[in-house]
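The figures that follow rest on heavy atoms only: side chains count, while hydrogens, waters and symmetry mates do not.
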Amino acid sequence: MPAASLGDQGHSGTESLPSQHLQPTWVKDELMDEKGKEKEKDPKYWRDQAQETLKYALELQKLNTNVAKNVIMFLGDGMGVSTVTATRILKGQLHHNPGEETRLEMDKFPFVALSKTYNTNAQVPDSAGTATAYLCGVKANEGTVGVSAATERSRCNTTQGNEVTSILRWAKDAGKSVGIVTTTRVNHATPSAAYAHSADRDWYSDNEMPPEALSQGCKDIAYQLVHNIRDIDVIMGGGRKYMYPKNKTDVEYEIDEKARGTRLDGLDLVNIWKSFKPRHKVACVGAMWLPRWPLMHSHFIWNRTELLTLDPHNVDYLLGLFEPGDMEYELNRNNVTDPSLSEMVVVAIQILRKNPKGFFLLVEGGRIDHGHHEGKAKQALHEAVEMDRAIGQAGSMTSLEDTLTVVTADHSHVFTFGGYTPRGNSIFGLAPMLSDTDKKPFTAILYGNGPGYKVVGGERENVSMVDYAHNNYQAQSAVPLRHETHGGEDVAVFSKGPMAHLLHGVHEQNYIPHVMAYAACIGANLDHCAPASSAGSLAAGPLLLPLALFPLSILF
């Protein structure tokens with residue numbers, strides 16, 4: 001039996017995982033009323049809180065060494081530490097609290113590490129090279145996906161022989177179900193590293209590829225989505241137009257030329273996706289694989305109504321493409337046609353968890369990044385709040401005993417907030433003082449560079465004259481750029497569940513998928529998953545060989 005079956009054969013029970021099921025008793029998601037504010041004035045409140053937290057921390061010594069039947073990776077694109085903090089405050093303020101004391105779902109994870117995000121040729125990375133690191137386990141060049149650093153961006157002829165596979169492929173090869181859910185195009189940088197091998201992240205369809213690359217035999221990313229791993233169980237996000245022939249009218253935006261199909265090869269990749277799906281389940285009878293009842297059910301959907309009316313028990317494969325390009329920002333979302341990230345995650349898990357061998361699910365909050373690039377902090381932070389909501393939904397549907405959940409970012413942004421704001425100040429509000437140089441007010445949120453740079457009458461714009469609380473307000477920046485840039489600092493890695501403690505310090509970003517694979521007994525490193533019988537089934541419960549016996553240089 002494949003390693004993935006380990007998760008089904010029982011675990012050592014909750015008694016081995018007390019730390020995974022406890023939280024400090026002081027932790028409550030409640031309104032910060034006047035009584036709560038009075039408590040904060042008493043030193044005993046803080047001392048008691050610290051002691052409860054210490055007690056909880058001591059319990060973490062009882063490590064969860066179970067095999068991870070399921071692995072869920074949440075990737076907040078561009079979700080640096082400053083974004084996490086601001087998201088926490090926003091979440092609290094949306095619930096009428098001051099915000100600073102609020103806890104995000106990811107804040108509740110017991111283990112936190114830092115990830116070094118640089119690409120092999122870039123100090124400040126992009127989302128493609130980083131995706132190759134945290135999905136495929138090797139660092140790569142900026143702008144490339146699913147290939148090693150031997151592949152040069154945009155040079156098709158450097159691709160062959162340098163392809164690297166992802167943890168999604170490792171999980172599928174082990175018999176697990178696999179899924180991809182994103183708020184960007186399904187062929188954008190983050191999801192594409194799970195299944196594609198491309199010298200350029202921008203080769204969404206053959207329409208975006210140079211003639212030289214086409215003549216050399218490279219395939220676009222949408223083509224690879226359908227052909228490389230034909231049995232990805234769940235795919236949801238945007239990107240419809242890259243699946244259809246050039247100028248094919250979109251099902252939703254019939255008069256919008258920008259929404260029309262882009263493919264020059266005339267292929268209808270949605271129909272090809274359907275044709276690859278088996279009509280029946282199969283069973284081995286004697287030496288032959290024969291069709292068996294019931295039928296396999298494959299569904300292509302394009303709107304929220306279709307998603308929410310699905311019966312997950314009757315869905316074996318799902319392709320949901322809800323926009324021609326990226327999905328709309330959460331604040332702009334049409335809740336008739338477009339599902340939220342949390343709604344997509346719920347359906348994905350309902351479908352994937354039917355597999356007794358477990359699943360791997362990649363979830364991307366992709367438009368956090370886009371909001372920052374546009375200087376629209378309000379859009380970015382609401383995207384992050386929605387991703388945190390999805391993390392909570394996933395947690396309620398899975399068990400700490402057999403599900404490893406990792407939340408991280410690919411990179412940061414030059415996003416910050418400061419200005420000595422008082423407790424409970426609107427995260428989108430003004431600092432409490434004027435600049436002592438130009439005597440003008442300024443917002444707490446600022447960017448190091450980006451489109452928010454404005455000069456009026458030779459001076460910095462007076463933000464009190466504009467609606468700085470507007471959804472699309474572009475926060476002021478120090479340097480004028482059409483698009484704000486990524487940041488180069490480390491990002492956080494939050495983890496819970498089996499082997500979560502292996503994400504414990506400051507790591508190279510490519511270490512992450514090796515931990516997930518080790519925990520799930522998939523991929524190449526299976527020495528710790530010793531067979532329990534001659535029949536080939538693997539041992540149940542905790543991994544058999546103590547990690548202390550193996551230096552990490554051997555394990556990975």
Side-chain angles (χ1 to χ4, degrees), residues 74-79 87 90-96 104-105 179-186 188 190-191 234-241 243 249-256 258-259 270 299-312 315 318-352 361-372 374 376-397 427-428 467 469-473:
F74 283 92
L75 193 286
D77 198 312
M79 191 181 69
T87 300
L90 174 59
K91 177 182 177 180
Q93 292 180 350
L94 290 172
H95 290 87
H96 310 292
L104 296 167
E105 293 297 328
I180 296 169
V181 175
T182 180
T183 53
T184 66
R185 287 155 276 188
V186 294
H188 209 252
T190 295
V234 174
I235 304 167
M236 282 191 278
R240 274 198 306 265
K241 65 182 181 180
M243 310 292 281
T249 301
D250 184 70
V251 66
E252 184 176 3
Y253 306 102
E254 295 182 0
I255 62 173
D256 185 353
K258 293 182 179 179
V270 171
H299 294 263
F300 168 70
I301 59 175
W302 65 268
N303 62 63
R304 179 175 182 261
T305 301
E306 291 178 328
L307 177 70
L308 298 185
T309 55
L310 283 175
D311 179 358
V315 179
L318 176 63
L319 175 61
L321 301 176
F322 303 106
E323 285 290 329
D326 299 319
M327 295 185 69
E328 295 290 337
Y329 285 121
E330 178 64 18
L331 284 176
N332 302 347
R333 182 169 62 87
N334 181 329
N335 60 16
V336 174
T337 56
D338 293 346
S340 66
L341 181 61
S342 55
E343 288 170 340
M344 291 191 288
V345 166
V346 167
V347 174
I349 293 176
Q350 288 173 334
I351 295 170
L352 297 174
L361 175 61
L362 171 65
V363 181
E364 183 196 18
R367 303 222 66 196
I368 301 168
D369 178 72
H370 295 171
H372 281 323
E374 295 177 0
K376 298 174 181 177
K378 194 166 189 176
Q379 296 283 10
L381 296 186
H382 276 271
E383 291 295 305
V385 168
E386 173 57 26
M387 192 181 85
D388 196 65
R389 186 177 296 116
I391 294 169
Q393 292 276 22
S396 70
M397 299 176 70
I427 191 62
F428 305 116
D467 182 7
H470 192 277
N471 289 353
N472 292 321
Y473 172 70

Under the salt bridge (charged side-chain N to carboxylate O under 4.0 Å, His left out) criterion, do R389 and E105 qualify, and how do the steps go? CA-CA 7 Å; R389 186 177 296 116; E105 293 297 328; over 6 Å; no
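- Between N334 and E328, the closest side-chain pair of non-hydrogen atoms is not below 4.5 Å.
- Once rounded to the nearest 0.5 Å, the distance linking CG of L362 with OG1 of T182 reads 7.5 Å.
- Note that the CH2 atom of W302 and the CG atom of D250 stand 8.0 Å from one another [nearest 0.5 Å].
- Looking only at side-chain heavy atoms (C-beta outward), L94 and H382 come within less than 4.5 Å of each other.
- There is a side-chain donor-acceptor pair under 3.5 Å between Y329 and E374.
- Put simply, CG on N471 and CG on L331 are 4.5 Å apart, with the number rounded to the nearest 0.5 Å.
- Tested against F322 for a side chain to side chain contact (heavy atoms under 4.5 Å, CB included), the candidates T337, I301, T183 yield a single pass: I301.
- Atom-to-atom distance recorded for L318:CG and E306:CD is 10.0 Å, nearest 0.5 angstrom.
- Summarising the geometry, atom CG belonging to L381 is positioned 14.0 Å from atom NZ belonging to K376; distances are rounded to the nearest 0.5 Å.
- Note: H370 and H188 have perpendicular aromatic rings, judged against thresholds of 30 and 60 degrees for the angle between ring planes.
- Atom OG1 of T190 is separated from atom CG of D77 by 4.5 Å, given to the nearest 0.5 angstrom.
- Closest heavy-atom contact between L321 and G238: CD2-O, 3.7 Å.
- Side-chain contact check for N472 and Q379: at least one donor-acceptor pair (N or O, by modelled atom type) lies under 3.5 Å.
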Evaluate the salt bridge (charged side-chain N to carboxylate O under 4.0 Å, His left out) criterion for residues D338 and R333: first the C-alpha distance (whole Å), next the side-chain angles of each, then the deciding distance (0.1 Å), finally the verdict. CA-CA 6 Å; D338 293 346; R333 182 169 62 87; over 6 Å; no
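- Neither side chain, E254 nor T249, offers a donor N or O lying under 3.5 Å from an acceptor on the other.
- In this structure, K378 contributes its side chain and A469 its backbone to a donor-acceptor pair below 3.5 Å.
- Contact between L307 and P339 at its shortest, heavy atoms only, is CD2-CB, 3.6 Å.
- Side-chain contact between V181 and E364 is absent, with no heavy atoms from C-beta onward closer than 4.5 Å.
- Under the 4.5 Å side-chain criterion, counting only non-hydrogen atoms from C-beta, M327 is in contact with M344.
- Listed for the E343 side chain is a donor-acceptor partner under 3.5 Å among the backbone atoms of S340.
- Side-chain contact between M79 and M387: present, with at least one pair of heavy atoms (C-beta onward) separated by less than 4.5 Å.
- Residues R185 and E323 are not paired through a salt bridge, judged by the lack of any N-O separation under 4.0 Å between the basic side chain and the carboxylate.
- Within the 4.5 Å cutoff, the side chain of V363 has heavy atoms near those of the L341 side chain.
- Side-chain contact between V385 and L104: absent, with no pair of heavy atoms (C-beta onward) separated by less than 4.5 Å.
- Looking at I349 and L361, their side chains come closer than 4.5 Å, going by heavy atoms from C-beta outward.
- The heavy-atom pair separating G76 from I368 by the smallest distance is CA-CD1, 4.0 Å.
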